[in-house]
**Student:** 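Questions regarding the structure given below will be posed in turn.
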Amino acid sequence: MRVATGLSVLVLGAGGIGHAVVSNLEGGIGRVDPFKDMKNRPQSGHGTNLLLVGTDGRDTITKEEKQKYRLGGAPCHCTDTIMLVHLSADKQRASVVSLPRDSYAEIPAHTDRTTGQKHNSHPVKLNAAYAEGGPTLTVRTVEHMTGVKIDHYLEVDFTSFMKTVDAVGGVQICTARPMKDAYTGLDLPAGTHQLDGGQALQYVRSRHVDVGSDLGRMQRQQKFMAALIKQATGSGVLLNPVKFQQVSASVLGSVRADEGFGTEEMLALGRAMKDFSPASSEFTSVPIGNPSFPVKGIGSTVQWDAAKAKKLFQALREDRPLAPAKPKPAAGAPKQPKATLVDVAPEEIRVQVYNGTPKDGLGKDVDAALRATGFNTTNAPLNGELRNLERTLVTYDPRWDRSAKSLATALPGSELKAVKGQGAVMEVTAGSDFTKVRPVRAETKQEGEFSTVTGDEVVCP
């Protein structure tokens with residue numbers, strides 16, 4: 001949300017009409033003072049840090065939308081999503097760190113914003129800081145936990161989220177496996193989907209589609225943000241001032257930001273980030289030490305890995321990239337085809353190749369092509385019992401069916417055959433129809449010291 005309606009949108013600032021458009025829109029943003037009376041704050045680092053908070057506010061959602069998108073129940077007036085967004089000093093990189101809403105936190109001493117009662121420092125889940133003390137206590141708590149000074153604050157509720165997605169024409173999401181969550185109503189078959197605002201809200205809220213629960217949900221939220229950047233920067237909306245003003249005016253009414261984030265700040269960011277793209281963003285989650293840390297009176301919380309988290313936030317303060325550097329393609333090298341998304345990473349799939357034809361060297365060629373795509377082949381192809389096979393055959397143990405489907409995706413036109421008791425090693429018998437191995441990759445391949453992905457790695461191929 002922050003990148004779509006606050007950063008990428010500000011490309012208009014680079015044009016002569018940017019100032020008038022952005023100034024006009026600024027009046028529609030709700031204002032808060034999250035830094036009021038704050039003392040003993042962390043030292044400023046390099047770059048700019050924004051705290052992006054998604055609340056569970058649903059007051060302006062219609063009865064029909066609540067029923068359709070499973071948004072019933074009373075809101076907890078707490079934060080549903082918390083992300084720390086770091087913009088590099090050169091404005092060429094955005095690093096997004098997700099903070100689990102159930103993180104174990106110690107709230108600083110404060111006065112309850114509802115009852116006026118004074119509280120000493122006490123343990124809570126991180127999302128409860130907003131309920132007790134609003135934006136100010138949320139910022140204080142995050143700064144205390146991370147040692148990172150927050151420069152700006154942006155708050156988004158369910159309504160503004162849905163409006164933003166609809167305003168940019170929907171967002172494309174790809175999934176290698178079916179995704180279904182009875183709690184949110186999410187029901188997506190494997191494949192590519194164009195999500196509208198309500199469907200997108202189901203996608204980013206779902207916690208019951210895999211064993212990862214909140215941690216898996218954070219990865220989907222990061223993937224969604226990358227896709228939103230791609231759509232916002234590539235749809236043409238940002239370069240059409242009339243269209244931009246129309247769609248943004250309908251979005252910003254339910255967005256709140258700090259007073260210091262005004263027209264001039266928006267324009268400065270817009271001019272500097274006119275070439276921003278999904279590849280300019282990187283995503284990670286704070287390292288977890290114990291995903292189920294029991295706390296009396298609170299329940300199960302998520303405890304951070306103190307040492308690794310300290311390194312992560314130090315990297316943000318020092319304005320260092322979180323993702324490892326990618327090797328640049330050699331001059332004149334052909335452009336690599338986009339990889340197809342699969343459920344299981346090829347590196348996790350063990351493969352034995354057989355030659356099922358009289359053609360000399362075919363087994364060796366198939367083995368090498370699979371290995372080049374990332375599959376863990378034996379590097380020792382054999383001759384198969386069948387020597388006149390027309391269609392490439394993939395045999396597999398039914399217990400490893402997900403791996404088999406991922407392997408078959410890399411072999412267009414191949415036949416899948418289940419063989420009970422075969423074990424974890426997939427067997428590929430190359431037929432005369434073999435032409436190539438299709439590049440494939442897992443949906444999320446986190447790399448480096450901080451398990452980071454870049455936006456271009458998680459958007460649809």
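Note that these values count all heavy atoms, side chains included, but never hydrogens, waters or copies made by symmetry.
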**Student:** Is it true that Arg93 and Asp319 have a side-chain N and a carboxylate O under 4.0 angstrom from each other?
**Tutor:** yes

**Student:** Where do Arg101 and Lys125 land on the side-chain contact (heavy atoms from CB on, under 4.5 Å) test, with the steps shown first?
**Tutor:** CA-CA 7 Å; Arg101 65 178 190 173; Lys125 293 181 180 181; over 6 Å; no

**Student:** May I ask you to test the Thr136-Asp33 pair for a side-chain heavy-atom distance under 4.5 Å?
**Tutor:** no

**Student:** Would you please say whether a donor-acceptor pair under 3.5 Å links the side chains of Ser95 and Glu282?
**Tutor:** yes

**Student:** Would you call Leu50 and Leu154 a side-chain contact if the rule is heavy atoms closer than 4.5 Å?
**Tutor:** no

**Student:** Do Leu126 and Met145 have side chains that approach each other closer than 4.5 Å (heavy atoms only, starting at C-beta)?
**Tutor:** yes

**Student:** Establish, from distance only, whether the side-chain atoms of Ser292 and Ser300 form a donor-acceptor pair under 3.5 Å.
**Tutor:** yes

**Student:** When rounded to the nearest 0.5 angstrom, what distance separates NZ in Lys149 from CE in Met38?
**Tutor:** 9.0 Å

**Student:** Any idea which heavy atoms bring Lys308 and Phe450 closest together, and the distance?
**Tutor:** O-CE2, 4.3 Å

**Student:** Tell me, do Ser206 and Met179 make a side-chain contact under 4.5 Å, heavy atoms counted?
**Tutor:** no

**Student:** Spell out, as yes or no, whether a donor-acceptor pair under 3.5 Å connects the side chain of Glu348 to the backbone of Ala345.
**Tutor:** no

**Student:** Is there a side-chain contact between Val204 and Thr81 in this structure, where contact means two heavy atoms from C-beta onward sitting under 4.5 Å apart?
**Tutor:** no

**Student:** Take Arg350 and Thr378, measure what side-chain contact (heavy atoms from CB on, under 4.5 Å) needs, and give me the verdict at the end.
**Tutor:** CA-CA 7 Å; Arg350 184 70 169 162; Thr378 63; 3.9 Å; yes

**Student:** Run the numbers on Leu201 and Val165 for side-chain contact (heavy atoms from CB on, under 4.5 Å), then give the verdict.
**Tutor:** CA-CA 9 Å; Leu201 187 60; Val165 175; over 6 Å; no

**Student:** Considering all heavy atoms of both residues, which atom of Lys436 and which atom of Pro412 are nearest to each other, and what is their separation?
**Tutor:** O-CD, 3.9 Å

**Student:** Flag the pair Tyr104 / Val295 as yes when at least one side-chain heavy-atom distance between them is below 4.5 Å, and no otherwise.
**Tutor:** yes

**Student:** We want to know whether Ser98 and Gln222 form a side-chain donor-acceptor pair, criterion being a heavy-atom distance below 3.5 angstrom.
**Tutor:** yes

**Student:** What are the two closest heavy atoms between Phe375 and Ile349, and how far apart are they?
**Tutor:** CE2-CD1, 3.8 Å

**Student:** Could you tell me if Glu132 and His110 have a donor-acceptor pair between their side chains, going purely by distance under 3.5 Å?
**Tutor:** yes

**Student:** Compute whether any side-chain donor of one residue and acceptor of the other, for Glu155 and Tyr130, lie under 3.5 angstrom apart.
**Tutor:** yes

**Student:** Of the non-hydrogen atoms in Ser285 and Met218, which two are nearest, and what is the gap between them?
**Tutor:** OG-CE, 3.8 Å

**Student:** Check the angle between the aromatic planes of Phe313 and Trp304 and answer parallel, tilted or perpendicular using the 30° and 60° thresholds.
**Tutor:** tilted

**Student:** To the closest 0.5 Å, what do you measure between OG (Ser414) and CG (Leu407)?
**Tutor:** 7.0 Å

**Student:** What's the shortest heavy-atom distance between Ala323 and Thr454, and which atoms?
**Tutor:** CB-CG2, 4.0 Å

**Student:** In plain terms, say whether Arg41 and Glu143 are close enough for a salt bridge, that is, a side-chain N and a carboxylate O under 4.0 Å apart.
**Tutor:** yes

**Student:** Supply the atom-to-atom distance Arg441 CZ to Thr409 OG1, rounded to the nearest 0.5 angstrom.
**Tutor:** 13.5 Å

**Student:** If you measure only the distance, is there a donor-acceptor pair under 3.5 Å linking the side chains of Gln422 and Thr395?
**Tutor:** yes

**Student:** Go through it in stages, so that I can follow the logic: the residues are Val85 and Asn49, the test is side-chain contact (heavy atoms from CB on, under 4.5 Å), and I'd like the CA-CA distance, side-chain angles, deciding distance and then a yes or no.
**Tutor:** CA-CA 6 Å; Val85 181; Asn49 300 308; over 6 Å; no

**Student:** Measure from the side-chain N and O atoms of Arg371 to the backbone N and O of Asn376, and report whether any donor-acceptor pair falls under 3.5 Å.
**Tutor:** no

**Student:** Is there a side-chain contact between Leu52 and Val156, using heavy atoms and a 4.5 Å cut-off?
**Tutor:** yes

**Student:** How close do Arg317 and Val148 get, heavy atom to heavy atom, and via which atoms?
**Tutor:** CG-CG2, 4.1 Å

**Student:** Do Phe283 and Leu322 come close enough that some side-chain heavy atom pair is under 4.5 Å?
**Tutor:** no

